[in-house]
Amino acid sequence: MQKNIEAKAVIEVSNLYKDYQTAAGPFPVLKDVNLRIENGDYVAIMGPSGSGKSTFMNILGCLDKPTKGKYVLDGHAVATMEENAVAGVRNKTIGFVFQGFNLLARSSLLDNVALPLVYSGIEKPERHKRAKVLLEKVGLGKHINSRPNQISGGQQQRVAIARALVNNPRLILADEPTGNLDSVTSEEIMALFGELNKEGITIVLVTHETDIAEHAKRQVRFLDGKIVQDTLTNSQLAEVL
Amino acid sequence: MFTAMLGEAWHAMGANRLRTFLTMLGMVIGVGAVVLMMAIGQGAEASVKRSISAMGSNLFVVLSGPPSMGGARSATGNAPSLNVKDANAIAELDGVAGVAPVTMGKAQIVFGSNNWNTDILGTTPSYLDVRSWYLSSGYAFAESDIRSATRVALIGKTVAQNIFGDDIDPLGKTIRIKQSPFVILGVLDSKGQSLDGRDQDDTIIVPLTTAQRKLFGNQLPGSVRQIIVQAESDKAMAMTEEGINGLLNQRHNIREGADSDFSVRNLTAIANSAAETTRTMSLLLGAIASVSLLVGGIGIMNIMLVSVTERTREIGIRMAIGARQRDILMQFLLEAIVISIVGCLIGIGIGVGGAVLVSIFTKAEVIVSTNSVLIAFSVAASIGVFFGFYPARKAAKLNPIEALRYQ
């Protein structure tokens with residue numbers, strides 16, 4: 001059964017609703033969202049502010065829970081999982097990359113990258129070995145003992161990506177990963193994502209910049225809590241044709 | 001995993017050293033105070049206990065009553081109302097283990113060019129048994145010395161020190177008490193201070209009859225100042241006291257309801273109440289010190305709450321990359337425990353150091369027991385857990401999304 005599902009989708013979302021509780025009563029953010037993302041896909045989620053794309057992303061990352069609807073991740077219905085199992089999913093199945101990098105300011109880059117491994121119960125020598133390999137992969141092998149405030153924003157985002165990759169996740173979720181970066185650095189980061197996707201990692205990223213979204217294979221557009229468009233990107237179309 | 005978390009806790013403490021130090025200070029002072037107060041209290045208890053065991057166990061003292069001259073009553077113990085025959089009669093009572101009639105006075109003693117004024121105690125050989133008083137050298141006088149009122153003496157450590165010094169062995173030497181020569185048969189073991197602080201080694205013991213006839217004279221033939229009575233056991237005390245009262249009332253022809261010409265005092269009860277007082281005192285000291293421990297614990301809780309709020313975002317990040325609730329809980333709990341335990345270790349050091357200083361400067365006895373250190377340590381660890389738990393749980397229950405958005 002497991003094998004069967006693996007061949008199919010990493011993410012399967014059906015009839016998903018999310019309401020925020022406000023003083024004026026429930027406010028719907030996501031209304032009946034349905035989405036299926038295949039293994040190895042590279043999806044850009046787009047849409048204006050308030051369209052619900054970030055909320056959707058948080059639900060995909062198991063950081064938030066939907067009000068109603070079904071979310072099957074890697075063959076498991078997230079709603080039925082208990083808290084510790086969800087933490088395990090965040091730890092092993094998903095790698096999250098944030099707009100604000102979200103590194104621990106007090107820890108070295110090496111410790112930052114190795115942190116998820118602490119929560120998977122891996123011993124220190126192995127943790128450091130794996131973190132070092134990944135820091136080298138993102139081009140920061142020489143800075144392993146630096147602190148996050150000693151390197152540039154682009155470098156910090158690379159560290160965050162290394163941290164997301166350290167537990168060999170099947171899925172990378174990136175919420176506006178280039179939002180705080182200049183255009184040159186953004187291109188470098190997107191190139192890195194492209195490489196990772198070629199290695200077989202499924203990538204879902206949220207952005208509101210069209211040129212960033214062009215790096216993906218598929219674009220999903222949100223408006224007022226609904227998916228209004230789901231197309232292949234131009235580059236992908238060109239390849240298909 | 002655990003060592004990694006311990007490292008994190010250490011790291012977090014190092015990140016804000018002054019704050020960590022001040023938080024710890026509450027623990028340091030609390031534990032230091034507890035260790036020091038317990039040391040002082042236990043020292044006081046021990047010295048009282050030693051005084052009690054030096055006094056002898058299950059003791060009564062029967063004092064003669066105050067003499068009454070035309071309505072003016074003098075001090076207790078001055079009337080010649082008790083005598084050796086009373087003592088012999090008491091010895092026949094059930095439950096009595098030993099009896100020693102005592103007469104006493106002060107006298108000047110001389111050896112060579114040294115002289116000294118001390119207490120002279122006239123009694124029978126059983127006195128030493130009753131008081132559990134042993135000789136450090138020589139031997140005691142015997143019943144035959146009582147019968148013939150020989151001039152022999154047992155000398156206390158303080159007296160020996162003062163008239164013989166360190167170099168001369170007092171055994172067999174002849175001293176003069178009130179101009180009469182006395183041969184020293186033995187040197188008494190050191191008894192130390194009595195409960196009221198009197199030096200019990202500043203004493204010379206001579207046969208009862210010698211004291212009565214040759215030193216202090218006698219108001220009535222055979223009269224004594226007091227009779228010391230030892231009961232066979234703790235349980236026999238009440239019965240013995242009743243027996244003595246009945247017997248002496250009968251012997252002295254005291255009618256029911258009339259004033260007795262003697263009084264019976266339970267020395268053991270007095271000693272026990274002294275012990276009880278010190279125990280209460282050390283409990284009180286401990287209780288006061290524990291309050292500062294409590295305050296220290298609240299300080300830790302306060303800082304941990306601030307720390308959780310400050311690090312809300314960090315908690316969010318940790319949750320987003322896979323920390324379980326119990327990981328977050330453990331992280332903050334460990335931090336609180338590490339602060340308490342490190343503070344506790346420093347506090348134990350300060351408490352022990354303080355105890356040493358107190359004993360040096362006040363000469364009072366202080367005892368730092370392993371128990372008191374263990375108690376302080378376990379209480380400190382529990383305080384870390386108790387006061388660290390609420391903030392840690394608060395951190396663990398945070399919603400990851402809200403924590404990540406926290407600015």
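Owing to the predicted nature of the structure, the values given are computational and were not obtained by experimental measurement. Order of the sequence lines fixes the chain letters, A, B, ..., with proteins taken first and strands second; residue numbering starts at 1 for each chain.
Note: B:Ala320 leads B:Pro400, B:Ala12, B:Ala320 in heavy-atom pairs under 4.5 Å with chain A.
For A:Lys53 and A:Phe222, the positive end is not near the middle of the six-membered ring at less than 6.0 Å and at most 45° from its axis.
Salt-bridge check for A:Lys129 with A:Glu126: passed, with a basic side-chain N closer than 4.0 Å to an acidic carboxylate O. Between B:Arg318 and B:Asp327 there is no salt bridge, since no side-chain nitrogen of the basic residue lies less than 4.0 Å from a carboxylate oxygen of the acidic one.
Considering only heavy atoms from C-beta on, A:Lys226 stays 4.5 Å or farther from A:Asp32 through its side chain.
Looking at B:Ile401, the atoms closer than 4.5 Å to chain A (heavy atoms on both sides) sit in the backbone and in the side chain alike. Using a 4.5 Å cut-off between heavy atoms, A:Leu103 touches chain B through its backbone atoms (N, CA, C, O) alone.
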